[in-house]
Amino acid sequence: MLKNLFDMQNLKQKIDEMKEELKKERITSESGGGMVKVEGNGYGDILKLDIEDSLLKDHDKTLLEDLIIAAVSMSKEKSKKMFQEKMQEAIGFLPLDGIQDLIS
């Protein structure tokens, strides 16, 4: 029982360290051939959004919305993959789906 308790404390410490590492990582995603760029971190936070000026001049709201959604979605997927890789490094196995929600 005490060994399991120690393992859980060790696991929590590793996860906390991993979360801090993920917050420092940077992920760049783009859509529309680079017309919309999103910078996020490995934790899934969106830190920066860059929209090419020509998109604003064209006044194509639907296109702009689609490109933003695409770039944010790519950023989210990249951070999810990075999370899984870090989790595997930290604890030696791939987490079950949804574990990221439990530790955030």
Side-chain angles (χ1 to χ4, degrees):
M1 174 88 174
L2 288 176
K3 183 179 188 292
N4 288 339
L5 181 61
F6 176 74
D7 288 345
M8 290 302 292
Q9 289 173 343
N10 189 30
L11 178 61
K12 182 175 177 355
Q13 181 180 354
K14 284 183 178 182
I15 289 172
D16 289 343
E17 290 170 4
M18 181 192 65
K19 286 167 56 174
E20 290 306 311
E21 284 181 36
L22 287 169
K23 288 179 182 178
K24 293 176 187 174
E25 295 283 342
R26 294 296 175 259
I27 296 168
T28 302
S29 301
E30 56 184 54
S31 62
M35 293 190 296
V36 173
K37 296 178 185 173
V38 171
E39 182 180 315
N41 64 20
Y43 200 63
D45 300 324
I46 301 301
L47 306 172
K48 183 179 177 183
L49 173 65
D50 184 38
I51 300 169
E52 192 173 286
D53 290 341
S54 65
L55 281 174
L56 300 174
K57 292 176 186 172
D58 292 340
H59 302 292
D60 190 347
K61 182 178 184 240
T62 303
L63 174 63
L64 181 57
E65 290 169 342
D66 289 345
L67 292 174
I68 291 170
I69 289 169
V72 169
S73 294
M74 281 187 266
S75 180
K76 183 177 178 181
E77 284 302 313
K78 286 180 179 182
S79 69
K80 183 177 180 180
K81 184 177 178 183
M82 184 181 288
F83 169 84
Q84 290 174 337
E85 290 169 358
K86 293 282 187 184
M87 179 68 88
Q88 188 172 13
E89 287 175 22
I91 62 175
F93 64 88
L94 285 175
L96 300 171
D97 284 339
I99 196 167
Q100 185 173 11
D101 297 332
L102 296 174
I103 63 170
S104 30

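Considering CG of Leu22 and CG of Asp45, their distance stands at 10.0 Å, rounded to 0.5 Å. Rounding to the nearest 0.5 Å places CD1 of Ile51 at 12.5 Å from NZ of Lys37. Distance check, rounded to the nearest 0.5 Å: CZ of Phe83 to NZ of Lys76 gives 13.5 Å. Between atom NZ of residue Lys80 and atom CD of residue Glu85 there is a gap of 13.0 Å, rounded to the nearest 0.5 Å. To the nearest 0.5 Å, the span separating CD on Glu20 from OH on Tyr43 amounts to 8.5 Å. Rounded to the nearest 0.5 Å, atoms CE (Met82) and CZ (Arg26) are 10.0 Å apart.
Atom NZ of Lys23 sits in a crowded spot, with more than 12 heavy atoms from other residues, nucleotides or ligands closer than 6.0 Å.
Take Glu52 and apply the side-chain hydrogen bond (donor to acceptor under 3.5 Å, both in side chains) test, not counting sequence neighbours, and it matches Ser54.
The existence of a salt bridge linking Asp53 and Lys57 is excluded, since no basic side-chain nitrogen approaches an acidic carboxylate oxygen closer than 4.0 Å.
Exactly one residue among Val38, Thr28, Asn41 makes a side chain to side chain contact (heavy atoms under 4.5 Å, CB included) with Ser75. That residue is Val38.
Using a 4.5 Å cut-off on side-chain heavy atoms (C-beta onward), Glu30 and Met35 make no contact.
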Less than 3.5 Å apart, which donor and acceptor atoms pair up between the side chains of residues 62-74 and the rest of the protein, not counting sequence neighbours?
from: Glu65; atom 1: OE2; to: Lys61; atom 2: NZ; distance (Å): 3.1
from: Ser73; atom 1: OG; to: Ile69; atom 2: O; distance (Å): 2.9

Before you tell me yes or no, could you show the steps for Asp50 and Val36 under side chain to side chain contact (heavy atoms under 4.5 Å, CB included), namely the whole-Å CA-CA distance, both residues' side-chain angles and the distance that decides it to 0.1 Å? CA-CA 6 Å; Asp50 184 38; Val36 173; over 6 Å; no
